[in-house]
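Remarks on the structure that follows.
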Amino acid sequence: MEEVRVRFPPSPTGYLHIGGARTALFNWLFAKQHGGKLILRIEDTDEERSTQASIDGIIEGMQWLGIDWDEGPYFQTEFSQDHIDAANRLLASGQAYKCFCTKEELEQKREAALAQKKSDVGYDGTCRHLSAEEIAEKEAQGIPYVIRFKVPERQGTLFYDDQVLGRIERAYSEFEDFVIVRSNGKPLYLLCNVVDDIRDRITHIIRGQDHMTNTTRQVLLYEALEAPLPSFAHMPLTLDLKKRKISKRSHGEIVAVQFYRDNGFIPWALCNFLCLLGWNPGTEQEYFSREELIQAFDLSRMSRVNSVFNFRPGDAKFFTDPKLIAMNEHYLRSMDLEALGTMVQKELAAADLWDEAYATTQKDWYLHTLGLIRDRFHTLKDFTTAGRAYFAEDYGVDPKPLKKNVLKHPDLKTWLPQLAERYKGLADFSAETTEQLCREFADELEIKPGILINGMRTVLTGQLAGPSMFDIVTTLGQERVVARLSNIDHLYTEA
RNA sequence: GUCCCCAUCGUCUAGUCAGGUCCAGGACACCGGCCUUUCACGCCGGCAACACCGGUUCAAAUCCGGUUGGGGACGCCA
């Protein structure tokens with residue numbers, strides 16, 4: 001059987017956004033499932049807009065997501081001779097022609113056609129039937145020209161079988177003679193893309209529905225270039241809540257893969273979320289390991305409907321799609337602790353909270369702590385913010401619990417240091433003994449234990465909520481607990 | 001405007017191709033309860049959709065036609 005070869009061809013005119021990432025992901029899944037190859041090809045023929053920063057961003061984004069490729073990155077500009085050769089071949093075989101019409105002329109004709117409400121606003125074919133003499137004359141005059149593809153004069157419709165949408169048809173009469181080479185001699189996307197896909201022996205083209213009109217024209221090019229037609233699969237698009245195509249310009253960083261990397265998301269959670277946007281396995285399974293997803297993926301189960309990336313700018317809860325947040329939380333809570341430890345290490349290091357001992361002598365403590373606190377977190381960032389008290393002494397105290405659990409009970413100012421004294425003398429510092437001692441103290445004071453417990457939580461972690469109090473106490477350790485409980489005057493003075 | 005694609009809960013979707021088992025299932029979000037002297041997790045429950053009109057049929061979310069609606073494309077961008 002022929003080897004499956006797919007490609008991801010981003011144009012480096014912006015960062016990798018989630019729509020592009022999803023396209024890459026689907027191609028990657030398809031390749032993996034069929035034991036095929038994924039080719040990364042940077043389509044940088046638009047010199048005006050292509051940037052190195054964008055190329056770096058795309059590559060970093062894919063690496064972060066874990067979408068690896070088998071060949072490339074190739075750069076389209078490195079193959080410009082191939083594109084020029086192909087254009088010349090089409091010219092020589094009479095399947096393309098030189099067009100000397102200027103942009104201004106075409107613009108005028110176009111406006112005139114629109115003014116008359118004519119549907120046909122395409123190229124009128126003025127230069128299509130120029131004689132050899134006329135062409136030679138114009139060339140001799142140095143009139144610049146573009147090369148247009150000569151759409152075959154045929155009745156009926158052109159069609160291809162889309163792997164997602166089924167049979168797609170378009171009447172030949174709907175095509176205009178489209179430009180394949182600019183007047184500056186540079187070939188255009190429509191041609192370059194086909195030439196590259198032929199050279200790279202691409203067997204399946206999986207891309208967004210926004211390419212559908214390109215596809216019908218490209219089918220014509222494959223035919224003219226006498227190359228076998230690959231399979232096409234057009235995926236639904238990703239829209240915003242107002243049903244607009246998501247883009248950097250209108251949506252900003254929230255649609256950039258980098259945003260999720262910088263905001264504590266787990267790469268696989270993003271992949272898992274993205275693959276469910278426009279695809280489903282036909283079962284009720286929603287969480288997949290990498291291997292499960294490769295196994296389950298199937299182009300025929302791709303949706304034909306555009307999907308909405310549900311985020312609401314300015315809404316803290318919906319800063320990105322809540323289902324994506326939920327998935328991130330799921331992986332945060334269920335993933336292997338070692339793997340989580342590696343991810344959190346990067347966050348701690350970036351916040352200057354990392355201690356090498358966490359990887360060596362204190363590794364057990366480190367992983368245990370992550371396991372204890374991760375249930376309440378949403379992103380990896382929370383380990384350095386809400387979880388800061390476990391890794392540093394300079395954690396802040398949230399005003400809300402400070403007021404509710406500490407300041408409301410002025411006597412805690414003396415009670416907590418007293419409790420610290422008792423903890424200091426405790427030989428066996430365990431969850432059981434610390435709890436027992438705490439409750440006994442509450443009994444003596446004739447107060448509810450909750451007053452001490454909630455006060456302790458606020459003082460020890462700075463947070464309103466957290467794990468079971470005495471798990472916190474044992475995790476923090478006797479020394480830190482005693483020190484923090486003894487030294488609470490500043491909480492009252494600062495407030 | 002022209003061509004192409006599409007149409008199930010607020011969102012992601014199952015069910016449509018092979019009509020009945022669907023007064024439509026799951027997930028997220030939301031609401032309530034249990035658990036917990038915190039908060040989450042977890043568990044239990046609730047709210048919530050077949051765009052509309054016609055046709056075919058004993059029977060339509062499912063097939064057909066139309067309407068409306070949405071999206072995409074219409075560049076010497078990719």
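Chain naming here is simple, since letters A, B, ... match the order of the sequence lines and numbering starts at 1 in each.
- Between the C1' atoms of B/U57 and B/C74, the separation comes to 42 Å (whole Å).
- One can find a donor-acceptor pair under 3.5 Å joining the base of B/C77 and the side-chain atoms of A/R49.
- When the C1' atom is used for both B/A7 and B/A40, the distance is 39 Å, rounded to whole Å.
- Here the separation of B/A48 from B/C31, taken at their C1' atoms, is 12 Å to the nearest Å.
- No side-chain donor-acceptor contact under 3.5 Å links A/D321 to the backbone of A/F311.
- Applying the Watson-Crick and G-U wobble criteria (two distances, each under 3.5 Å), B/U2 pairs with B/A73.
- Between the side chain of A/N214 and the base of B/A78, a donor-acceptor pair under 3.5 Å is found.
- One finds no salt bridge joining A/R7 and A/D196 here, because no Lys/Arg side-chain nitrogen approaches an Asp/Glu carboxylate oxygen to under 4.0 Å.
- Annotation: of the two residues near RNA chain B, A/C101 and A/P236, the 5′-most nearest-nucleotide partner is A/P236.
- Atoms CD1 (A/I373) and C1' (B/U38) sit 16 Å apart, rounded to a whole Å.
- Across all strands shown, B/C28 is found opposite B/G10 as a Watson-Crick or G-U wobble partner, with both distances under 3.5 Å.
- Listed nucleotides B/C5, B/A78, B/C12 differ in distance to A/Y189; the shortest reach to its side chain belongs to B/A78.
- The side chain of A/K245 approaches B/G72 more closely than any other nucleotide in the set B/G72, B/A7, B/A29.
- With salt bridges taken as basic N to acidic carboxylate O contacts below 4.0 Å, none links A/R217 and A/E176.
- A donor-acceptor pair shorter than 3.5 Å can be found between the side chains of A/T320 and A/Y260.
- Taking every side-chain heavy atom of A/D375 into account, B/A40 is the closest of B/C28, B/A40, B/U11.
- Residue-level contact check: A/R457 touches the bases, meaning some heavy atom is under 4.0 Å from a base atom.
- Between the side chain of A/R333 and the base of B/C41, no donor-acceptor pair under 3.5 Å is found.
- As judged by a 4.0 angstrom heavy-atom cut-off over every strand, A/G166 is placed among residues making no nucleic acid contact.
- With a 3.5 Å ceiling on both atom-pair distances, B/U21 lacks any Watson-Crick or G-U wobble partner.
- When the C1' atom is used for both B/C6 and B/G32, the distance is 38 Å, rounded to whole Å.
- The same atom, C1', is picked in B/A61 and in B/C17; the two are 14 Å apart, to the nearest Å.
- Taking atom C1' in both B/A14 and B/C22, the straight-line distance is 11 Å, to the nearest Å.
- On the C1' atoms, B/G45 is 41 Å away from B/C5, given to the nearest whole Å.
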Run the numbers on A/Y331 and A/Y287 for ring-ring contact (aromatic ring centres under 6.0 Å, His included), then give the verdict.
CA-CA 9 Å; A/Y331 281 108; A/Y287 288 99; 5.6 Å; yes
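- Counting atom types as modelled, A/S307 pairs no side-chain N or O with a base atom of B/C12 as donor and acceptor under 3.5 Å.
- B/G25 and B/G15 have their C1' atoms separated by 8 Å, with the value rounded to a whole Å.
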